[in-house]
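Have a look at the structure below, then the notes.
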Amino acid sequence: MLRVRFAPSPTGFLHVGSARTFIFNWLYARRNGGTMVLRLDDTDVERNTEASVTSIFDGLRWLDLGWDEEYKQSERLALHRQIADAMFQKGLAYRDFTPAHTGDSDKSGAGQTWLFNPGMRELPRAESDRRADAGEPFALRFRVPRGLGEQVRFPDAVYGEQIKAADDIEDFALLRSDGMPTYHLASCADDIDLRISHIIRGQDHLSNTYKHVLIFKAAQSAGAVLPLFAHLPLLVAPDGSKLSKRRHGPVVSVTTYRDAGFLSAAFINFLCLLGWSPKDDRTCMTRQELMDAFSLEGINRANAVVNFKEPATTPEDTFDPKALWLNAEHIRALPVADLSAQLLPIVHSAGFQVTPEKMLAITPLIRERIKLLRDVLTAADFFFADQLPPFDPAELIPQKGDAAMALKVLMRAREVLAQTEFTHDALDHALRAAAQELGLKAGQMFQPIRVAVCGRKNAPPLFETLQVLGKETTLTRIEQAVQKAN
RNA sequence: GGCGCUAUCGUCUAGGGGUUAGGACGGAAGAUUCUCAAUCUUCAAACCCGGGUUCGAUUCCCGGUAGCGCUACCA
């Protein structure tokens, strides 16, 4: 039975690296008919927050992939302690009465290799019991085999066979002095208990895995098999540093992508392409295509850069250009009705009144012009607003023309449009004929009208725009432009 | 400092003992259109360095360098 798990710790918002780990696990489970377990690794009471739990669930729900089983580590403490106690009884772990390190251990150089606190490893059981009974606080540490030339090894589906000398592994903690299990213990105990068969997680755990193998071997019943590990290359910032909330802020939060108007399908597609490849030339892929193509063999070993611009000068700088492009691709692939339905609430929440029918008519005009769903607000603003925002009358002047030409065009348009049926072909014929009468090129005729009704030079095709706007609004806006041009 | 992992265009990647080192995004130029966008075409752009092994290495091995990770009673 194939079982995978995603085990975030609720100490911050769901970030894109975690989301990718979730997605890879999900893909692997679905691809192979396995079970997806969601487990909240919340043993760090100090740093857990309810807001983080909310953020994680918000993010995961938006991904819309789902999961099969759900657990909370904090509700499984008895299991963790029981496993720790068994290891202690077997002599595989020992009590360490050394007071906890205050602050950070210096990693920056001078420090020597730390393996265990002197004196504690070989403390006689009787003395250990006496001090524990006296109420002296202690951490429980794993007794790593030492001086025996032993090796710890495990196969990794991505990085291959991993081997490390046990002598290089420190006596890590299993239980804190407050009795809470550490991540290593809780994670392994639960992985065993939940019968997790494949552990797919970030590469930052690759070196930790030796400790986990030690725990698995110590805690598992004889004959039990180790889960298969698959470590994922990390997602890093353009400067190569690990993506972090602290350094990079909301650009790494899943909800930032959601709120900016990413389609979750596009976001998933983008994340899959960081550190994994279908090995053919496909880039734009649906959820189903990703599921069919996903395999551990396609996972890369080098870290992947999420290519956002560090000091963001435009809102788009927050996102990798490829993510933006993929989102545009997915938007264009969406049926108009679906896209329209997604756009409607965004327009409404911006304070505009639009009927679903009108939105449906607008959608095809803008769907090739937006990268993010939010862009609907700037791409189609003139459809929503009653009153056009003010614009420079000079905008009305066509190519190779002057203010007089603009005015001439607008006055002629006012006349012609008043007696034209607002269908694509009728508008086409009427306006082209008008251009010819005035001795102008089509573009010179269209541009002043476009600016008059849209308030700017760059907009969707004119005839479709006029149709959606309707005769009344069109004529009103042209009239206003005539006043302006005078 | 110790231990480990990694290294192909700016970015994501394919590939692999002999290739014009392929694709995508982004960039540049052009076509097309009523503007913008979309679309199409073209172009520029990469095998970290040094030693081996070999007839031949970007590919295999070793070393270096760089980056990253772990080295907490965080996860």
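Letters go in sequence order (proteins before strands), and every chain restarts at 1.
Both distances falling under 3.5 Å, in either a Watson-Crick or a G-U wobble arrangement, place G27(B) opposite C43(B). With a cut-off of 3.5 Å on both Watson-Crick or G-U wobble distances, the partner of A7(B) is given as U65(B). Base pairing of C73(B) is not made with any nucleotide, judged by Watson-Crick or G-U wobble geometry with both donor-acceptor distances under 3.5 Å. Base-pair partner of U59(B): not found among the strands shown (Watson-Crick or G-U wobble, both distances under 3.5 Å). With a 3.5 Å ceiling on both atom-pair distances, U53(B) lacks any Watson-Crick or G-U wobble partner. Pairing for C36(B) is absent, with no Watson-Crick or G-U wobble pair whose two atom distances lie under 3.5 Å.
Ring orientation note: the planes of F267(A) and Y257(A) are tilted relative to one another, at an angle of 30° to 60°.
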Anything under 3.5 Å between a donor and an acceptor, one on a side chain of residues 324-332 of chain A, the other on a protein residue two or more places apart or in another chain? List them.
residue, atom, partner, partner atom, Å
N327(A), OD1, L263(A), N, 2.8
N327(A), ND2, G261(A), O, 3.1
N327(A), ND2, K371(A), O, 2.6
E329(A), OE2, R332(A), NH2, 2.8
H330(A), NE2, N269(A), OD1, 2.8

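Atom CG of L140(A) and atom C1' of C73(B) are 11 Å apart (whole Å). Protein atom OH of Y159(A) is 15 Å distant from nucleotide atom P of C68(B), rounded to whole Å. Atom P of nucleotide C5(B) and atom CG of L235(A) are separated by 21 Å, given to the nearest angstrom. We find that CD of Q399(A) is positioned 13 Å from C1' of C36(B), with the value rounded to whole Å. In this structure, L232(A) atom CG and G69(B) atom C1' are separated by 14 Å, rounded to whole Å. Note: CD1 (I299(A)) to P (U13(B)) measures 12 Å, nearest angstrom.
Only the P atoms considered, G10(B) is 7 Å distant from A46(B), to the nearest whole Å. The gap from the P atom of A72(B) to that of C3(B) amounts to 15 Å, rounded to the nearest Å. For U42(B) and G23(B), the P atoms lie 10 Å apart once the distance is rounded to whole Å. Nucleotides G17(B) and U13(B), compared at atom C1', are 22 Å apart to the nearest Å. Taking atom C1' on both nucleotides, U8(B) is separated from U59(B) by 11 Å, rounded to a whole Å. With P as the reference atom, A7(B) and C48(B) are 9 Å apart, rounded to whole Å. Straight-line distance between the P atoms of A28(B) and U71(B): roughly 45 Å, to the nearest whole Å. Comparing U20(B) with G27(B), their P atoms are spaced 31 Å from each other, to the whole Å.
Contact annotation for P8(A): no contact, since no heavy-atom pair falls under 4.0 Å across all strands. Using a 4.0 Å heavy-atom cutoff across all strands shown, R450(A) reaches at least one base atom of the nucleic acid. Nucleic acid contact class of N208(A) (heavy atoms, under 4.0 Å, all strands): base. K457(A) comes within 4.0 angstrom of a nucleotide base, judged by non-hydrogen atoms across all strands. Base engagement by A459(A) is indicated by at least one non-hydrogen atom pair under 4.0 Å involving a base atom. Using a 4.0 Å heavy-atom cutoff across all strands shown, D280(A) reaches no nucleic acid atom at all. As judged by a 4.0 angstrom heavy-atom cut-off over every strand, E46(A) is placed among residues making no nucleic acid contact. When heavy atoms are screened at a 4.0 angstrom cut-off, P137(A) is found touching no nucleic acid atom at all. Nucleic acid contact for K242(A): sugar-phosphate only, since backbone atoms but no base atoms lie under 4.0 Å from a heavy atom of the residue. Residue contacts for H231(A): at a heavy-atom cut-off of 4.0 Å it reaches no nucleic acid atom on any strand shown. Residue G275(A) is classed as a sugar-phosphate contact, given heavy-atom separations below 4.0 Å to backbone atoms only. Within 4.0 Å (heavy atoms only), E329(A) reaches sugar-phosphate atoms of the nucleic acid but no base atom.
Nearest nucleotide to the T43(A) side chain, out of U35(B), C12(B), A75(B): A75(B). When the nucleotides U35(B), C5(B), C12(B) are ranked by their closest atom to the side chain of P461(A), U35(B) comes out on top. Picking from C5(B), U11(B), U71(B) the nucleotide with the shortest atom distance to the side chain of K211(A) gives U71(B). For R332(A), whose side chain is taken as the heavy atoms from C-beta onward, the closest listed nucleotide among A38(B), G10(B), C73(B) is A38(B). Residue S9(A) has its side chain nearest to A75(B) when only A75(B), U6(B), C70(B) are considered. Among U39(B), U35(B), G69(B), the nucleotide with an atom closest to any side-chain atom of L234(A) is G69(B). Closest approach to the L206(A) side chain among C73(B), C3(B), C5(B) is made by C5(B) (side chain taken as heavy atoms from C-beta onward). For N458(A), taking side-chain heavy atoms from C-beta onward, the closest of the listed nucleotides U35(B), U6(B), G10(B) is U35(B). Of the candidate nucleotides U6(B), C73(B), U35(B), U35(B) has the atom lying nearest to any side-chain atom of Q447(A). Among G69(B), C34(B), C73(B), the nucleotide with an atom closest to any side-chain atom of E464(A) is C34(B).
In this structure, the ring of F229(A) has its center no less than 6.0 angstrom from the ring center of Y159(A). With ring centers used as reference points, F142(A) lies 6.0 Å or more from F88(A).
A side-chain donor-acceptor contact under 3.5 Å links R201(A) and T209(A). Using modelled atom types, one finds no donor on one side chain facing an acceptor on the other under 3.5 Å when comparing H205(A) with H231(A).
Atoms CZ and CE, on R141(A) and M120(A) in that order, are 10.0 Å from each other to the nearest 0.5 Å.
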Open item on the list: The test is salt bridge (Lys or Arg N to Asp or Glu O under 4.0 Å); show your working for K242(A) and D204(A) and say whether it passes.
Closed with: CA-CA 10 Å; K242(A) 190 178 168 182; D204(A) 46 346; 3.1 Å; yes
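Where D239(A) and W276(A) meet RNA chain B, the nucleotide closest to each residue was compared, and W276(A) sits on the side nearer the 5' end. Taking the nucleotide of RNA chain B with the nearest heavy atom to each of L462(A) and T11(A), the more 5' of the two is matched to L462(A).
Between K211(A) and E170(A), at least one side-chain N (NZ, or NE/NH1/NH2) sits under 4.0 Å from a carboxylate O, which counts as a salt bridge.
Within a 6.0 Å sphere centred on NZ of K309(A), heavy atoms belonging to other residues, nucleotides or ligands number 12 at most.
At least one side-chain nitrogen or oxygen of R141(A) sits closer than 4.0 Å to the OP1 or OP2 atom of C73(B). Remark: R456(A) is not in phosphate contact with C36(B), judged by side-chain N or O atoms under 4.0 Å from OP1 or OP2.
Taking only distance into account, the side chain of R369(A) meets the base of C36(B) through a donor-acceptor pair shorter than 3.5 Å.
The side-chain heavy atoms of F97(A) and F138(A), taken from C-beta on, include a pair separated by under 4.5 Å.
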TODO: Go along nucleotides 23-30 of chain B 5' to 3' and tag each nucleotide: B for a protein heavy atom under 4.0 Å from its base, S when only backbone or sugar atoms are that close, - otherwise.
DONE: SBSS----
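A cation-pi arrangement, defined by a distance under 6.0 Å to the six-membered ring centre and an angle within 45 degrees of its axis, is present between K484(A) and F391(A).
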